[in-house]
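Working notes for the structure below.
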Number of protein chains: 2
Amino acid sequence: MDKRELLLEAATKLFVERGLHATPTSAISKEAGVSAGILFHYFKTKDDLIDELYVSIKKEYTSSIMNEIDKIHSDLGKLRLIWSNSWNWAIDNNLKFKFLLQLDNTSCAVRVKSHPEIVAKFEIFKNLIQSYVDKELIKNMDTYFIMGSMFGLITSMVTYLTQFPEKRNDQVFIEQAWELFYNSLKP
Amino acid sequence: MDKRELLLEAATKLFVERGLHATPTSAISKEAGVSAGILFHYFKTKDDLIDELYVSIKKEYTSSIMNEIDKIHSDLGKLRLIWSNSWNWAIDNNLKFKFLLQLDNTSCAVRVKSHPEIVAKFEIFKNLIQSYVDKELIKNMDTYFIMGSMFGLITSMVTYLTQFPEKRNDQVFIEQAWELFYNSLKP
DNA sequence: ACTTTTGTTGAGTGATTAGTCAATTAAAAA
DNA sequence: TTTTTAATTGACTAATCACTCAACAAAAGT
């Protein structure tokens with residue numbers, strides 16, 4: 001298997017378990033089952049590895065959010081799909097999601113918080129939300145505030161579902177959670 | 001001034017700016033304007049300092065949430081006061097709040113995530129929310145989910161207000177934000 | 001077959017770090 | 001005042017870390 005990929009996977013796991021700076025590069029290469037030196041063949045420095053990992057995971061997340069969005073035609077249906085795409089990806093990729101959370105709450109570490117591809121995906125999402133505001137499907141407030149609130153609710157739902165995984169298949173719970181989400185946005 | 005307090009303050013600032021493990025104890029003592037050795041007179045190890053800092057800040061935060069709650073008599077009024085106490089403290093003590101966020105998203109570092117005094121305050125809050133559920137003032141869902149959602153919305157509001165501080169005095173914005181918050185909880 | 005490029009190893013290096021300690025000063029107790 | 005205790009210093013140490021490098025192995029190119 002690709003050693004570069006093995007290193008990124010090992011790094012994700014250890015960074016989430018131990019924290020960024022508490023994880024030596026030697027631990028990463030050991031976890032990946034490769035030699036210590038090879039890490040610096042694929043990544044110039046440890047910080048470069050962190051940057052690349054962050055960008056690749058964020059790209060994956062922002063892509064998954066819009067997954068199959070074109071198959072739905074109603075506005076409300078699209079909003080609900082975005083909502084469920086978000087928490088489903090975050091639960092299916094819990095380590096990666098925790099890594100994002102960890103870095104987004106840190107002013108340090110990631111020098112590349114805005115990557116063109118990520119910014120582009122973010123803009124698409126922002127425009128969609130804005131169009132919903134214009135159509136009076138959701139509250140008329142600053143788009144950044146709306147998006148932040150959406151992300152806050154989704155994050156807390158993911159945290160909850162990680163703690164109580166059985167609720168994920170509880171249709172009553174999912175429906176109530178959606179209502180909580182949508183009621184907060186409704187004008 | 002008390003050197004112990006100076007060290008805790010300096011640590012909060014540097015931990016938020018650089019991250020836990022990227023901050024040497026020598027940087028903390030330098031920032032506090034004291035000698036390197038004295039840190040280990042007040043705190044047995046660096047981890048002990050982190051633990052004590054976390055507990056003291058969390059205690060401060062959980063206390064502030066219930067501030068002046070007895071002066072209000074209506075249930076809805078109390079809920080709104082808790083809401084505004086939360087984000088007001090978080091903005092007035094932004095470094096401390098960011099430190100809490102940083103640690104709560106980390107599985108490592110803090111060995112003392114449940115301190116009796118904190119747990120007690122949390123229980124009081126949990127019981128209050130449960131009583132609101134019973135009175136049908138808010139949605140009938142698992143209290144942990146409700147509380148998580150509340151915290152998620154408050155956190156995103158704090159993040160937003162930190163970025164756009166002028167909105168803090170915008171009564172229209174505050175009212176809309178409260179509506180967003182309460183609408184999500186309403187049955 | 002031969003040459004060049006690319007991938008891989010692990011021992012080694014200089015810098016940095018958490019924590020110690022003997023010595024000095026300040027404060028409190030007697 | 002004298003004695004005892006507590007606070008404070010900064011040089012020191014053993015351990016750890018990010019990163020290098022000379023050597024070797026495997027592919028790829030000719």
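What's counted below: heavy atoms across the whole structure, side chains too, no hydrogens, waters or symmetry copies. What you see is a predicted model; the values in this text were computed from it and never measured. Here is the naming used below: chain letters follow the sequence lines, and residue numbers restart at 1 for every chain.
Residues B:Asn140 and A:Gln176 approach most closely at O-NE2, 3.6 Å, considering heavy atoms. Heavy-atom minimum distance, B:Ser156 versus A:Ser149: OG-CA, 3.6 Å.
Nucleic acid contact class of A:Tyr42 (heavy atoms, under 4.0 Å, all strands): sugar-phosphate only.
Between B:Leu7 atom CG and D:dT9 atom C1' the separation is 14 Å, expressed in whole Å. Between B:Leu6 atom CG and D:dT8 atom C1' the separation is 14 Å, expressed in whole Å. A straight line from CG of B:Asp2 to P of D:dA6 spans 17 Å, rounded to a whole angstrom.
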| field | Nucleic acid footprint by protein, nucleotides 10-27 of chain D - heavy-atom cut-off 4.0 Å, B for base, S for sugar-phosphate alone | value | B------SSBB-------
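A donor-acceptor pair under 3.5 Å is absent between the side-chain atoms of B:Tyr61 and the main chain of B:Ala90, judged by distance alone. With hydrogens and angles ignored, the 3.5 Å screen pairs no side-chain donor or acceptor of B:Lys139 with any backbone N or O of B:Pro187. No side-chain donor-acceptor contact under 3.5 Å links B:Asn93 to the backbone of B:Lys96. Using a distance-only test at 3.5 Å, with no hydrogens or angles considered, a donor-acceptor pair links the side chain of B:Asn85 to the main chain of B:Ile65.
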| request: Please assess B:Lys46 against B:Asp51 for the test salt bridge (Lys or Arg N to Asp or Glu O under 4.0 Å), listing each intermediate value before the final yes or no. | output: CA-CA 9 Å; B:Lys46 186 184 177 185; B:Asp51 285 353; over 6 Å; no
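Between chain A and DNA chain C, the heavy-atom contact criterion of under 4.0 Å yields a 5' to 3' nucleotide range of C:dG7 to C:dG10.
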Can I get a per-line list of side-chain donor-acceptor pairs under 3.5 Å for residues 122-131 of chain B, giving both atom names and the distance, sequence neighbours left out?
unit_1   : atom_1 : unit_2   : atom_2 : d
B:Asn127 : ND2    : B:Glu123 : O      : 3.3
B:Gln130 : OE1    : B:Thr143 : OG1    : 2.6
B:Gln130 : NE2    : B:Asp134 : OD1    : 3.3
B:Ser131 : OG     : B:Leu128 : O      : 2.6

